[in-house]
2 protein chains.
Amino acid sequence: MISKPELSIPEPTLRRLPRYYNYLKELLKVGREIVSCTHIGKDLDLDPPQIRKDLAFTGIRGVPKVGYQVEVLLKSIEDFFGWNNIDEAFLVGAGNMGRALIGYQGFSRYGFKIIAAFDNAPEIIGQTINGVEVLPLSKIKSLCKRMNVKIGVIATPAHAAQEVAEMMIAGGIRGIWNFAPAEIRAPEGVIVQNENLATGLAVLCKKLQMLQQSGKFRQEVEK
Amino acid sequence: MISKPELSIPEPTLRRLPRYYNYLKELLKVGREIVSCTHIGKDLDLDPPQIRKDLAFTGIRGVPKVGYQVEVLLKSIEDFFGWNNIDEAFLVGAGNMGRALIGYQGFSRYGFKIIAAFDNAPEIIGQTINGVEVLPLSKIKSLCKRMNVKIGVIATPAHAAQEVAEMMIAGGIRGIWNFAPAEIRAPEGVIVQNENLATGLAVLCKKLQMLQQSGKFRQEVEK
DNA sequence: GTGTAATCGAGAAAAATTTATCGATAAAAA
DNA sequence: TTTTTATCGATAAATTTTTCTCGATTACAC
């Protein structure tokens, strides 16, 4: 029972940190230099002690009565995630989802860059999408090795995902960001992060549904 | 302290359910008719009792020694989320992210459909993307009302998100699915679901980083 | 039939996470 | 200079979530 990559940082914290980061970037734009947890808490609807704890994981210390310097805080989060040096990645599946990921400008902020795309469809191979060339899938293993790429993005249909993952792993990929609605099995030492768009949608729809029901309920009670 | 939409179902459960759903769909394709929690647990790397508990929230009951009927289980999850009747939604921001969301075929499975897109850029207005027309943003409020659309998707740059959200809310939108890397403030009774792609990326990168460090550490110890 | 094995459901125990509390510290005001 | 106030950090309490345990149920083998 020691197999898992022993994440000593709570995952909820890990998920909140990028949110702080985006928020702080906005603050910086507005020209704010200093911010307190109380203030962040109001804007993000979180409890100040929790924010303090989360931020403490990045190794930063605040000053009583003052708070944190926005720039220092941003730097601290960047260092924590290693966003200052760029991670180059390969993407497989240049369909709609794949194209969107290639075209999405926002990743540069997080030190992430898709440097090549792969696909099987002859009509897509050879195209250039947002400056990223689409290569035949068969080449992925050798190119992974040659270019020492460690992160792979999967944006294929569900049925192709596992096979693609195995090709990536054979090429030495250590982290897989999976957008296909499928479960990927990977050996120990390879991290798979599943990104399921439906999850967020489901949560939204369910909350909406419950809200409506409670609304109806309230109306009926009020009669 | 009674303000929040009192989600009596644990959110982690809510986030796991779509995962079960996708997994079960795959099982069905392979022709499997019956499945036990033990089996699901092996494939999804989760504990059987937890799966049982999660599934129980959808109101289903399993049969000892047998498990669950895959089709019945799928139906139960569909009913739970209300995926059998289609939710129509408007999208704002027909950039890369917006186009991807419009083009993504996968949403139909979850009873979700983007029926129109809105943008401000004159060169984009009037285009048709995957059968979805792009209309001027100014029309969104009146069209929301006329077509009784209750869900809005925001795929604009961060700075435009709040303003767009307010237009949507003015038109009667009750649920906002936000892909812009910005915090949206909404009145009570409007649900905002933030979808931050960077979150998953950050978790992946951090796990990878920790894995590498522990690997290095191990190597050094072994010397 | 009867026994065995697999699985379920429900409730208890354990773990993780969130929330609250309290003393300490630093800036601003008196 | 002293008092007041806002905020921090650390610890403790409460809550939530996960994991475990156990008796009950059902199919299958003998």
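For clarity, every value in this text was computed on a predicted model and none was experimentally measured. Chain letters run A, B, ... following the sequence lines, proteins first and then strands; every chain starts at 1.
- The residues A:Lys75 and A:Glu71 are annotated as not salt-bridged, no charged nitrogen and carboxylate oxygen being separated by less than 4.0 angstrom.
- In this structure, the CD1 atom of B:Ile9 is 15 Å from the C1' atom of D:dT16, given to the nearest Å.
- Annotation: proximity of residues 22-44 of chain A to DNA chain D (heavy atom, distance under 4.0 Å) is found for A:Ser36, A:Cys37, A:Thr38, numbered in ascending order.
- Here the C1' atom of nucleotide D:dA10 and the CD atom of A:Gln50 are 16 Å apart, to the nearest Å.
- Between B:Arg16 and D:dT18 there is a side-chain polar atom (N or O) within less than 4.0 angstrom of OP1 or OP2.
- Per the geometry, OH belonging to A:Tyr68 stands 9 Å off C1' belonging to D:dT7, to the nearest Å.
- For A:Leu17 and C:dT17, the CG to P distance is 13 Å, given to the nearest whole Å.
- Considering only side-chain atoms of B:Lys65, the nucleotide from D:dT7, D:dT26, C:dA20 that sits closest is D:dT26.
- Rounded to whole angstrom, the span from the CG atom of A:Leu46 across to the C1' atom of C:dT19 amounts to 12 Å.
- There is a side-chain donor-acceptor pair under 3.5 Å between B:Tyr21 and B:Glu78.
- Nearest to the side-chain atoms of B:Pro49 among the listed nucleotides D:dC20, D:dG9, D:dA27 stands D:dC20.
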Could you go through the ring pair (Phe, Tyr, Trp, His ring centres under 6.0 Å) check for A:Trp177 and A:Phe112 one step at a time?
-> CA-CA 12 Å; A:Trp177 199 12; A:Phe112 182 78; 5.6 Å; yes
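- Inspection of the B:Asn22 and B:Arg109 side chains reveals an N or O donor paired with an N or O acceptor under 3.5 Å.
- Atoms CD1 (A:Ile60) and P (D:dC8) sit 11 Å apart, rounded to a whole Å.
- Of the candidate nucleotides D:dT19, D:dG9, C:dC8, D:dT19 has the atom nearest to the side chain of B:Asp47.
- In this entry the distance linking CD of B:Gln69 with C1' of C:dT7 reads 15 Å, nearest Å.
- Nucleic acid contact for A:Pro12: sugar-phosphate only, since backbone atoms but no base atoms lie under 4.0 Å from a heavy atom of the residue.
- Following rounding to the nearest Å, A:Arg52 (CZ) and C:dA24 (P) show an atom-to-atom distance of 16 Å.
- Considering only side-chain atoms of B:Pro64, the nucleotide from C:dA26, C:dG9, D:dT26 that sits closest is D:dT26.
- A salt bridge links B:Glu11 and A:Lys207; the closest N-O separation between the charged side-chain nitrogens and carboxylate oxygens is under 4.0 Å.
- Comparing D:dT7, D:dT17, C:dT19 against the side chain of A:Lys53 picks out C:dT19 as the nearest.
- Using a cut-off of 4.0 Å between Lys/Arg side-chain N and Asp/Glu carboxylate O, A:Glu183 and B:Arg19 are scored as salt-bridged.
- Taking the six-membered ring wherever Trp is involved, the centroid distance between the rings of B:Phe90 and B:Phe118 falls below 6.0 Å.
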